[in-house]
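All ligand and atom numbering here is 1-based and tracks the order in the structure.
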Amino acid sequence: MESLKEDIRAELLALTQSLKLQIKSDTGSGRQPSYLFVEGKVPMNNGPAVHRSFVDNRTQPRKSLSLEDVRKELGDCHRCPLGQIRTNLVFGEGNPKAEIVFVGEAPGRDEDIQGRPFVGRAGQLLTRIIIAMGLKREDVYICNILKCRPPGNRNPRPEEIMTCEPFLIKQLQTINPKVICALGTFAAHTLLKTDVPITVLRGKFHTYHGIQLMPTYHPAFLLRNPASKKQVWDDVQKIMKILLPPASH
Ligand code: URA
């Protein structure tokens, strides 16, 4: 109870500090306050949803982004209050040309400490799944919906997802894999913009901006429910068929 109170107190403090910093930097730069506008539609002050108007007045042709460019743009991110309380930002890691990207929910305690995705107990299980697929961690790319740890591993909040998602979208656009594997409810719901239960979504391919996306259970769920490993194995076998099509004779 006390540690929950501590978490809430730390989060409220971080929220206030982060808002103050953001307002200071926005008013100083004469920029449109970023907390009022995110990609697509957002309700402002609980009012009607508004569309962000985006006028692209660049004269130079668009250069294709690298993952380093995306990482640089993210910088020492304090766009949401989680930036104030993280130990390390967890950008993602792996092969920038991976054919498969695994997307999880958010860094946990171990990931926050190490600055790397999926390195705790759930991460070790994910590594075993990757090896069982005949791949190595270095072959694939692993990242999360959120780049910073929510306190006490609570669920990501909609405003945190909205703030972080543009960077995930750029990572996925840059890597342009053959398959995305969405690990768990949050990844599947965020990427597919649905709230259909993961039990229904999993096991079938969906499309994410032209890329095939397979939702499956999160490895942390498997640690609590080992009987569901069989279903995850079925799901990853479907992915393997796409990654390694049978040799033609
Ligand atoms: N759970 C996640 O969703 N992501 C991690 O990086 C670790 C645990």
Side-chain angles (χ1 to χ4, degrees), residues 7 67 70-71 74 77 80 82-83 85-96 98 100-133 135-172 175 177 179-195 197-199 201-202 208 213-226 228-229 231-232 235-236 239:
D7 277 347
L67 283 175
V70 184
R71 180 65 192 88
L74 186 58
C77 185
C80 90
L82 298 182
I85 48 179
R86 67 163 183 249
T87 312
N88 285 295
L89 185 152
V90 180
F91 181 66
E93 68 179 23
N95 181 352
I100 176 162
V101 176
F102 291 90
V103 181
E105 179 177 317
R109 187 172 172 277
D110 296 302
E111 292 76 19
D112 176 63
I113 292 170
Q114 295 188 39
R116 298 179 55 210
F118 280 99
V119 288
R121 278 212 323 130
Q124 285 157 21
L125 178 52
L126 177 62
T127 305
R128 292 204 293 279
I129 293 171
I130 292 167
I131 292 169
M133 292 171 79
L135 299 167
K136 296 192 284 294
R137 254 181 93 109
E138 310 84 84
D139 297 329
V140 309
Y141 194 84
I142 307 176
C143 57
N144 284 300
I145 299 290
L146 293 191
K147 311 257 177 280
C148 297
R149 182 192 182 205
N153 295 351
R154 64 151 169 77
N155 288 340
R157 295 193 171 144
E159 64 275 16
E160 293 159 357
I161 295 176
M162 282 199 301
T163 311
C164 223
E165 195 183 2
F167 296 94
L168 172 65
I169 293 174
K170 285 182 191 169
Q171 281 173 295
L172 293 172
I175 300 168
V179 182
I180 295 169
C181 180
L183 299 168
T185 298
F186 270 92
H189 285 183
T190 302
L191 293 170
L192 295 174
K193 304 291 171 232
T194 179
D195 44 24
I198 186 76
T199 46
L201 294 171
R202 63 147 286 276
Y208 175 86
L213 184 148
M214 172 64 78
T216 195
Y217 293 131
H218 193 287
F221 171 82
L222 294 183
L223 290 174
R224 298 187 302 269
N225 301 276
S228 299
K229 283 183 187 170
Q231 285 163 301
V232 171
D235 301 345
V236 298
I239 295 177

Exercise. So do K147 and R86 actually touch side chain to side chain, heavy atoms under 4.5 Å?
Worked result: no
Exercise. Is there side-chain contact between P151 and L82, with heavy atoms separated by less than 4.5 Å?
Worked result: yes
Problem set entry | Nearest-0.5 Å distance, CZ of residue F221 to CG of residue L125 | 12.0 Å
Exercise. Between L183 and H218, what is the shortest heavy-atom contact and its length?
Worked result: O-CD2, 3.4 Å
Problem set entry | Residue contacts for ligand 1, heavy atom to ligand atom, distance under 4.0 Å | G104, E105, A106, E111, P117, F118, N144, H218
Problem set entry | Closest contact, heavy atoms only, R137 versus E93 | NH2-OE2, 2.9 Å
Exercise. Can you tell me if Q231 uses its side chain to pair, donor with acceptor, with the backbone of T199 under 3.5 Å?
Worked result: no
